J.: 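One structure, as C-alpha cells, below. Some questions next.
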There are 2 protein chains.
Amino acid sequence: MVKRTSFEGDACPIARSLDAIGDWWSMLIIREALLGVRRFGEFQKRLGLAKNILTVRLRALVDQGILETAPASDGSAYQEYLLTPKGRGVFPILVALRQWSEEFDDRPDEIATILVDREKGKPVRKLELHAQDGRLLSAADITLKPRTAKAGKRITA
Amino acid sequence: MVKRTSFEGDACPIARSLDAIGDWWSMLIIREALLGVRRFGEFQKRLGLAKNILTVRLRALVDQGILETAPASDGSAYQEYLLTPKGRGVFPILVALRQWSEEFDDRPDEIATILVDREKGKPVRKLELHAQDGRLLSAADITLKPRTAKAGKRITA
DNA sequence: GCAACCTAGTTTAATAATGCAACTAATGGA
DNA sequence: TCCATTAGTTGCATTATTAAACTAGGTTGC
C-alpha cells in the first residue's frame with residue numbers, strides 16, 4: 001500500500017479533523033480517554049489493538065496536542081495519557097457518531113449502552129444544529145461561505 | 001497488512017459507526033454527496049482519490065444503505081449516487097468534525113470556508129448537547145447506562 | 001536483595017489497504 | 001463511424017495493520 005493521502009493541508013476543516021483523528025483506532029482511543037482510561041496497558045486491554053499501533057497512535061495524539069503525558073497518578077514511575085482541552089473537544093464528534101448509529105443501525109439490538117445525563121439518568125437529546133437566531137437547521141438549510149471576510153475582521157481585531 | 005479489526009459487532013455505537021464510515025475517504029465522499037455530487041467522475045475529480053478505491057468505497061456505502069444508485073438525472077444511461085436518509089443522517093458528524101477543527105486547529109488560517117445559515121448568511125451556532133430538560137451538558141455531565149431496560153420497553157411497545 | 005511478575009513499549013513477519021497508471025467496455029456526440 | 005468521455009477494472013509496489021515474541025525498566029512479595 002502506498003502512503004495514504006494526507007488531508008493535513010486541506011482547506012476543508014472536516015478533512016483536517018480526519019487527518020488528525022481519522023486513523024483506525026484514534027477516535028476509540030479518545031473515547032477511552034474520555035471514559036477515564038490513562039494507562040498504556042489499560043488502553044491496550046480494553047481496545048484490544050496491537051501494542052505497536054497503540055504506541056504509534058498515542059504518540060501521534062500527544063504530538064497533536066490531543067493527549068498529554070503526565071506522571072502516573074498512583075505515584076509509580078510510569079506515565080499516563082490525559083486528554084487536553086483539544087482532546088476533550090472531540091466529545092461532540094463521538095456523540096454524533098453514537099447518535100447516528102443509534103438512529104440508523106441495522107442491528108440496534110447489538111448496542112449495549114445509552115448516553116444519559118449523569119444527574120437525572122435520562123437519555124440525552126439528539127444533537128441539533130441551530131442558526132444564530134435559534135432556528136433548527138438541517139443539511140439543506142446551510143451553505144458554505146468563503147472565510148476570507150471573517151479572517152479580515154480578525155486581523156483588524 | 002493483516003485484515004483490520006472490524007467493529008461491526010461492537011457493542012459501542014461509536015465503534016459501529018466507525019466500522020460503517022470510518023474508512024479513509026468515506027466521510028469525505030458523504031460530504032461531497034451532501035454538497036450535491038452524484039456522478040462517479042465528479043467524486044473522483046473533486047476528491048482526487050484513486051478510482052479503484054472510490055469504486056470500493058461507493059460500493060460499500062451503497063451496500064450499507066448510506067448511498068443508493070439511480071439513473072442519471074441528465075437522462076443518460078449512467079447511474080448516479082444519491083444519499084439515503086441514513087446517509088443524510090451523517091450530517092451532524094460532519095458538522096462536529098468541522099467545528100472541532102475550527103476551534104482547535106493549529107493553523108485555522110488554512111480553513112477556507114465557514115458554515116452559514118442559508119437564509120441569513122450568518123455562521124451557525126456550535127453544536128450543543130442537551131439533557132432532556134434542556135440543560136447544557138459537557139462530557140463530565142454524561143454517563144453510559146446499560147440499554148437493556150429500554151430495549152425491553154421497545155419489545156413491549 | 002532477589003526472583004517473579006507487571007508495564008510499556010520494540011521488533012519481526014505476513015497480509016490487507018492504498019495509490020498510481022494503464023487498460024477495458026459502454027456511452028455519447030459530431 | 002470515429003473519437004472523446006465515463007465508469008469502472010487490473011496489475012503492481014509500498015504502506016498500514018495484526019499477531020506474537022522479545023526487551024528493558026519498574027513493582028511486589030518473600
Side-chain angles (χ1 to χ4, degrees), chain A residues 1-10 15 18-29 32-33 36-64 67-82, chain B residues 1-10 15 18-29 32-33 36-64 67-82:
Chain A
M1 141 160 160
V2 293
K3 199 167 181 65
R4 224 158 33 188
T5 303
S6 164
F7 303 135
E8 187 180 351
D10 208 287
L18 290 171
D19 191 71
I21 61 173
D23 285 332
W24 206 250
W25 295 113
S26 293
M27 283 197 245
L28 294 183
I29 291 169
E32 292 301 307
V37 178
R38 300 171 162 204
R39 298 289 285 265
F40 184 96
E42 205 180 350
F43 281 112
Q44 200 279 319
K45 274 206 216 58
R46 289 172 63 97
L47 289 167
L49 79 167
K51 286 195 260 191
N52 59 332
I53 298 302
L54 178 58
T55 300
V56 170
R57 292 289 184 277
L58 289 172
R59 169 56 42 212
L61 292 172
V62 169
D63 286 350
Q64 292 174 105
L67 290 176
E68 64 191 356
T69 53
S73 46
D74 62 7
S76 67
Y78 297 115
Q79 293 279 105
E80 289 181 337
Y81 294 90
L82 304 177
Chain B
M1 148 159 154
V2 291
K3 200 167 181 66
R4 226 164 27 194
T5 304
S6 164
F7 304 134
E8 189 182 346
D10 208 286
L18 290 172
D19 190 73
I21 60 174
D23 285 333
W24 208 248
W25 295 113
S26 292
M27 283 196 244
L28 294 182
I29 290 170
E32 292 301 309
V37 177
R38 298 170 164 208
R39 298 289 285 266
F40 183 96
E42 205 180 351
F43 281 111
Q44 200 278 321
K45 274 205 216 59
R46 289 173 63 98
L47 290 166
L49 80 165
K51 287 195 262 189
N52 59 330
I53 300 303
L54 179 58
T55 299
V56 171
R57 292 288 184 283
L58 289 172
R59 167 59 39 214
L61 292 172
V62 169
D63 286 350
Q64 292 172 106
L67 289 175
E68 66 192 354
T69 54
S73 45
D74 62 6
S76 67
Y78 297 115
Q79 294 279 104
E80 289 181 341
Y81 295 90
L82 304 179

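Please read all numbers here as calculations on a predicted model, not as lab measurements. Throughout, a chain's letter reflects where its sequence line sits, starting with A, and its residues are numbered from 1.
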J.: What I'd like to find out is whether the side chain of Arg39(A) reaches to under 4.5 Å of the side chain of Asp74(A), using heavy atoms alone.
T.: yes
J.: I need the Asp19(A) CG to Arg4(A) CZ distance, nearest 0.5 Å.
T.: 9.5 Å
J.: Write down the distance between CG (Asp74(B)) and C1' (dT27(C)), rounded to a whole number of angstrom.
T.: 11 Å
J.: Describe the nucleic acid contact of Tyr81(B) in one word from base, sugar-phosphate, nothing, applying a heavy-atom distance below 4.0 Å.
T.: sugar-phosphate
J.: Can a side chain N or O of Ser76(B) be found less than 4.0 Å away from OP1 or OP2 on dT6(D)?
T.: no
J.: Given that Phe40(A) and Lys3(A) both sit by DNA chain C, which one's nearest nucleotide is further toward the 5' end?
T.: Phe40(A)
J.: When rounded to the nearest 0.5 angstrom, what is the spacing between CG in Leu18(B) and OG in Ser6(B)?
T.: 11.5 Å
J.: With a 4.0 Å cutoff (strictly under), does any side-chain N or O of Thr5(B) reach OP1 or OP2 of dT18(D)?
T.: yes
J.: Counting heavy atoms from C-beta on, name the nucleotide in dG19(C), dT27(D), dT6(D) closest to the side chain of Tyr78(B).
T.: dT6(D)
J.: Indicate every side-chain donor-acceptor pair of residues 41-56 of chain A with a distance under 3.5 Å to a residue at least two apart or in another chain.
T.:
{"unit_1": "Gln44(A)", "atom_1": "NE2", "unit_2": "Leu49(A)", "atom_2": "O", "d": "2.8"}
{"unit_1": "Arg46(A)", "atom_1": "NE", "unit_2": "Glu32(A)", "atom_2": "OE1", "d": "2.3"}
{"unit_1": "Arg46(A)", "atom_1": "NH2", "unit_2": "Glu32(A)", "atom_2": "OE1", "d": "3.0"}
{"unit_1": "Thr55(A)", "atom_1": "OG1", "unit_2": "Lys51(A)", "atom_2": "O", "d": "2.8"}

J.: Looking only at the side chain of Arg39(B) (C-beta and beyond, no hydrogens), which of the listed nucleotides dT17(D), dT6(D), dG9(C) gets closest?
T.: dT6(D)
J.: Check whether any side-chain heavy atom of Leu28(B) lies under 4.5 Å from a side-chain heavy atom of Phe7(A), and answer yes or no.
T.: yes
J.: Atom CD of Gln79(B) to atom P of dG8(D): distance rounded to whole Å?
T.: 8 Å
J.: How many Å lie between CD on Glu80(A) and C1' on dG26(D), as a whole number?
T.: 15 Å
J.: Whole Å only: how far is the CZ atom of Phe43(A) from the P atom of dT7(C)?
T.: 15 Å
J.: If you assign each of Trp25(A) and Ala77(A) to its closest nucleotide in DNA chain D, which residue comes earlier from the 5' end?
T.: Trp25(A)
J.: Pick the nucleotide of DNA chain C nearest each of Arg4(A) and Gly75(B); which residue has the one closer to the 5' end?
T.: Arg4(A)
J.: Tell me, which of residues 44-60 of chain A have any heavy atom that sits under 4.0 Å from an atom in DNA chain C?
T.: Lys51(A), Asn52(A), Thr55(A)
J.: Grab the CG-P distance between Asp19(B) and dT17(D) for me, whole Å please.
T.: 15 Å
J.: Which residues pass the side-chain contact (heavy atoms from CB on, under 4.5 Å) test with Gln64(A), not counting sequence neighbours?
T.: Ala20(A), Ala60(A), Leu61(A), Ile66(A)
J.: Using atom types as modelled and distance alone, determine if a side-chain donor or acceptor of Trp24(B) lies under 3.5 Å from a backbone N or O of Thr5(A).
T.: yes
